[in-house]
Amino acid sequence: MIKYGISKLISCMLILAITLTVSLAGCAEEGQKIAFFKYKGGDTFISEMMGYMTARVPPGVAFEVRDAGNSQSVQNQQIVELVSGGFDLLVINAVDRLACSSIIEKCAVEKIPIIFFNREPPEDALVGSDVFYVGADTDSMGKKQAEMVAELFGGDFVGSKFDKNGDNVVQTVILKGEQGHQDAEKRTDNCIAHLKSLGYSVDVMAIEVADWNRRDGYEAMKLLFEEYGDSIELIFSNNDDMALGAIDYLLDEGIFSQDKTVYEQSIVVVGVDGTEVGLEAIEKGLLYGTVNNDYKKQSDAILTLVDYILSGDSFRDFPYSITRGHYIYFGGDIITKANLEEYLSIS
């Protein structure tokens, strides 16, 4: 059993899940203050993750949540305010990952530890013993998308009902979350590269940036369908929300039907995140599948880091693997209708 150092007031609670993870509940000292920063409030994945984390901050520990509204200058002001406000640790979902160096410098002056999440700082920015990043294994997400598509196509696209024009080439479009975001770039590159490595010929007809959100996914799909129409056979989306926006458009135009199974829809759509609304779309036969970006595991790792940092405990018994001294990464599982019940039961 792991012993935690913040037992000066009350003993730690251990939570046994698939792996051993630790919540802050019952483990932090009275009077400590934590600040959470999110890049914008309308992001479904970030909202689910933030709700999970803040619900597990123990009684007696003060915390604040700040929403930057997708403005780095606003987030900078929020951080400056709270750095001078007596906070013991900051948990930051940065608007712009390239701003992380200056954030770290500001906090280092006041000796305030930082845990970044979801938006990975450049590696040369993460300096100091109390600066960490927790997030998805970005290389695996796009690869898992390709693997689920390959499983659907059955290893041989020629003659498949999904090969609508019979050319043995997968005609695909990509909904990209954000230019320059490490998850968007790697998911975009890896889904195509891995599908090709699995033996498929792929024609990437277009890549549209849709800012991770459902509304922009709708507008991007409108433009793509007006340009390429029914020649689109596959939509790779960097997240579930953009995929759902594309599906909204396809439903509005009568291209998709609520009465069909996912195998009967005219275009295959896959996402990433495993959000509640994404899982519902799989259940309804609209979204073929997604890759679970497990915010609960990531949140538990963040809370465990908070526990260790604030207690001053040695990391010798830390229950997560830390890569290159600063990074904690989590892979994701493929979710389709075949294994959906497992994830609906724990969502």
Side-chain angles (χ1 to χ4, degrees), residues 2 4-6 12-29 32-39 41 43-58 61-68 75 78-79 82 87-95 97 100 103-104 107 112-121 125-126 128-138 182-183 273-275 292-313 315 317-332:
I2 300 168
Y4 296 91
I6 314 180
C12 293
M13 177 187 298
L14 295 179
I15 298 176
L16 186 61
I18 296 173
T19 58
L20 188 65
T21 57
V22 183
S23 167
L24 267 177
C27 299
E29 289 186 1
Q32 291 178 315
K33 295 167 67 176
I34 305 165
F36 296 90
F37 299 85
K38 54 185 175 181
Y39 87 104
D43 186 300
T44 301
F45 176 78
I46 295 300
S47 296
E48 289 183 357
M49 186 171 181
M50 192 68 73
Y52 183 89
M53 282 194 291
T54 55
R56 284 154 180 78
V57 175
V61 174
F63 72 91
E64 291 188 22
V65 178
R66 296 295 178 92
D67 182 349
Q75 189 170 75
Q78 293 169 344
I79 290 170
L82 296 191
F87 281 78
D88 298 288
L89 188 146
L90 308 183
V91 181
I92 301 175
N93 170 222
V95 176
R97 58 191 294 265
C100 292
I103 293 170
I104 292 169
C107 292
I112 299 175
I114 307 171
I115 303 168
F116 292 100
F117 71 98
N118 183 255
R119 293 176 174 230
E120 183 175 331
L126 289 192
S129 59
D130 286 344
V131 181
F132 296 91
Y133 172 75
V134 177
D137 177 358
T138 54
Q182 83 286 342
D183 283 6
D273 278 344
T275 58
N292 187 30
N293 189 4
D294 198 328
Y295 71 82
K296 293 181 181 178
K297 286 184 179 178
Q298 293 174 36
S299 297
D300 288 337
I302 290 170
L303 295 172
T304 306
L305 268 174
V306 170
D307 185 9
Y308 270 72
I309 292 169
L310 294 185
S311 70
D313 273 0
F315 274 70
D317 295 324
F318 191 69
Y320 297 93
S321 174
I322 301 178
T323 302
R324 303 190 303 282
H326 298 280
Y327 299 86
I328 300 174
Y329 294 119
F330 292 89

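Residues take their numbers from the sequence shown, with the count starting at 1.
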*Is any side-chain heavy atom of M53 closer than 4.5 Å to a side-chain heavy atom of F117?*
yes
How about F116 and L126: do any of their side-chain heavy atoms sit closer than 4.5 Å? yes
Exercise. Quick one: does D317's side chain get under 4.5 Å of Y308's, heavy atoms only?
Worked result: yes
| task | Start with the C-alpha gap between I115 and I309, add the side-chain angles, then the distance that decides, and say whether side-chain contact (heavy atoms from CB on, under 4.5 Å) holds. | result | CA-CA 10 Å; I115 303 168; I309 292 169; 4.3 Å; yes
ring-ring contact (aromatic ring centres under 6.0 Å, His included) filter on F45, not counting sequence neighbours, yields none
Interatomic distance, CG@N118 vs CD1@I46, rounded to 0.5 Å, equals 3.5 Å
One should read off an interatomic distance between I79 CD1 and R66 CZ, to the nearest 0.5 angstrom, of 10.5 Å
Examine distances only and state if a side-chain atom of N93 and a backbone atom of Y39 form a donor-acceptor pair shorter than 3.5 Å. yes
(message) Do K296 and F330 make a side-chain contact, defined as non-hydrogen atoms from C-beta onward lying under 4.5 Å apart?
(response) no
Less than 3.5 Å apart, any donor N or O on the side chain of Q298 or Y52 sitting next to an acceptor on the other? no
message: Taking Y133's backbone N and O only, do any of them form a donor-acceptor pair with H326's side chain (distance below 3.5 Å, no angle check)?
response: no
Report yes if the side chains of L305 and F318 come closer than 4.5 Å at any heavy-atom pair, otherwise no. yes
Interatomic distance, CG@D307 vs CG@L89, rounded to 0.5 Å, equals 11.0 Å
Rounded to the nearest 0.5 Å, the OG1 atom of T54 sits from the CD1 atom of I34 at a distance of 11.0 Å
So CD1 of I92 and CD1 of I104: to nearest 0.5 Å the spacing works out to 8.5 Å
Given the options V91, V95, I114, L90, F37 meets side-chain contact (heavy atoms from CB on, under 4.5 Å) only with L90
Review point. So do the side chains of I112 and L82 get within less than 4.5 Å of each other, counting heavy atoms only?
Key: no
Sorted by chain and number, sequence neighbours left out, ring-ring contact (aromatic ring centres under 6.0 Å, His included) with F132 holds for F315
For D67 and Q78, the nearest pair of non-hydrogen atoms, with its separation, is O-NE2, 3.0 Å
>> Test your reading of the model: is there a side-chain donor-acceptor pair from R97 to the backbone of R119, 3.5 Å cut-off?
In response: no
Query - S47 (side chain) donor-acceptor with G41 (main chain) under 3.5 angstrom - result: yes
What one should report as the nearest heavy-atom pair of A301 and V134 is CB-CG1, 4.2 Å
Taken to the nearest 0.5 Å, the spacing of D300 CG from Y295 OH works out to 10.5 Å
Worksheet entry | D88 side-chain N/O to K33 backbone N/O, donor-acceptor pair under 3.5 Å | yes
Heavy-atom distance under 4.5 Å between the side chains of D273 and E48, does that happen here? no
Nearest heavy-atom approach of Q75 to A68 is CB-CB, 3.6 Å
Quick one: are F87 and C107 in side-chain contact, heavy atoms under 4.5 Å? no
